[in-house]
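Note that these values count all heavy atoms, side chains included, but never hydrogens, waters or copies made by symmetry.
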Amino acid sequence: MTRVGFQLQVRPELLDEYLARHSPVRPEMLAEIAASGRRNYSLFLGAGGTLFGYYETDDDTAAQAYLAASPVAARWEAEMSRFFLGLDGRPDQAAAPLTEVFHLEDQLAAVGERTTPVIDNESSAS
């Protein structure tokens, strides 16, 4: 499984419209994202229109190729491209990728620690 983070810059004057377009996203676009193999997909909006996206996939190259060939995704991305600053191409293909520098579960596994909390019923019973 691959975790993918990316960043885009939403035009500040279009923030309200951008948010409205995602509340909710069209069902056919949601279906295409899922069909591409992307899951646990989230977008986070920061100050000044900085947008951070995250998703997980088993094969990011295949997911990107699926969406690049999708007429549904092409229409959505064509409509959405005007919302972003400094973007050359479709948002789903041209977003600036981010390098993962920390993942708790990976580091715990590397040192042989448990990834789920241990509940001590003895001490919590008092």
For this session: Identify, with sequence neighbours excluded, every residue that meets side chain to side chain donor-acceptor pair (under 3.5 Å) alongside Thr57.
Result: none
Exercise. Ion pair present between Arg38 and Glu32, side-chain N to carboxylate O less than 4.0 angstrom?
Worked result: no
Exercise. Are Leu108 and Phe102 linked, directly or through other ILVMFWY residues, by side chains that come within less than 4.5 angstrom of each other?
Worked result: yes
Problem set entry | With Tyr54 via ring pair (Phe, Tyr, Trp, His ring centres under 6.0 Å) - residues at least two apart | none
Exercise. How would you list, by chain and number, every residue that makes a side chain to side chain donor-acceptor pair (under 3.5 Å) with Glu77, sequence neighbours excluded?
Worked result: none
Exercise. Taking atom types as modelled and ignoring hydrogens, do the side chains of Thr50 and Gln7 form a donor-acceptor contact shorter than 3.5 angstrom?
Worked result: no
Seminar exercise, completed: Scanning both residues in full, the closest heavy-atom pair of Pro12 with Leu85 reads CD-CD1, 4.2 Å
Exercise. Is it true that a side-chain atom of Ser36 and a backbone atom of Ile33 form a donor plus acceptor pair closer than 3.5 Å?
Worked result: yes
Exercise. Pairs in or reaching into residues 6-15: which pass salt bridge (Lys or Arg N to Asp or Glu O under 4.0 Å), with residues at least two apart or in two chains?
Worked result: none
Seminar exercise, completed: So OG of Ser70 and CE of Met29: to nearest 0.5 Å the spacing works out to 6.5 Å
Exercise. Linking I/L/V/M/F/W/Y whenever their side-chain heavy atoms sit closer than 4.5 Å, directly or via other members, would Met80 and Phe44 fall into one cluster?
Worked result: no
Problem set entry | Pairing residues for Arg26 by the salt bridge (charged side-chain N to carboxylate O under 4.0 Å, His left out) criterion, not counting sequence neighbours | Glu79
Exercise. Under a single-linkage definition using a 4.5 Å side-chain heavy-atom cutoff for Ile, Leu, Val, Met, Phe, Trp and Tyr, are Leu30 and Leu51 assigned to the same hydrophobic cluster?
Worked result: yes
Exercise. Arg39: what forms a salt bridge (charged side-chain N to carboxylate O under 4.0 Å, His left out) with it, not counting sequence neighbours?
Worked result: Asp58
Exercise. Using links of under 4.5 Å between side-chain heavy atoms of ILVMFWY residues, direct or through other members, which residues join Met1 in one cluster?
Worked result: none
Exercise. Restricting to pairs with a member in residues 71-98, which pass ring-ring contact (aromatic ring centres under 6.0 Å, His included), not counting sequence neighbours?
Worked result: Tyr18-Phe83, Tyr18-Phe84, His22-Trp76
Exercise. Residues two or more places apart in sequence or in another chain: which of them pass salt bridge (charged side-chain N to carboxylate O under 4.0 Å, His left out) with Arg90?
Worked result: Asp92
Exercise. Are Leu87 and Phe52 linked, directly or through other ILVMFWY residues, by side chains that come within less than 4.5 angstrom of each other?
Worked result: no
Problem set entry | Passing candidate, side-chain contact (heavy atoms from CB on, under 4.5 Å) with Gln64, options Leu67, Asp60, Thr61 | Asp60
Exercise. Who pairs with Glu100 by salt bridge (charged side-chain N to carboxylate O under 4.0 Å, His left out), at least two apart in sequence or on another chain?
Worked result: Arg3
For this session: List in chain and number order the residues that pass ring pair (Phe, Tyr, Trp, His ring centres under 6.0 Å) with Tyr55, two or more places apart in sequence or in another chain; answer none if no residue qualifies.
Result: Tyr41
Exercise. Taking only residues two or more places apart in sequence or in another chain, which ones pass side chain to side chain donor-acceptor pair (under 3.5 Å) with Asn40?
Worked result: Glu56
Problem set entry | Residue pair Ser81 / Pro91: nearest heavy atoms and the distance that separates them | CA-CG, 3.9 Å
Exercise. Do Leu43 and Leu45 touch side chain to side chain, with heavy atoms closer than 4.5 Å?
Worked result: no
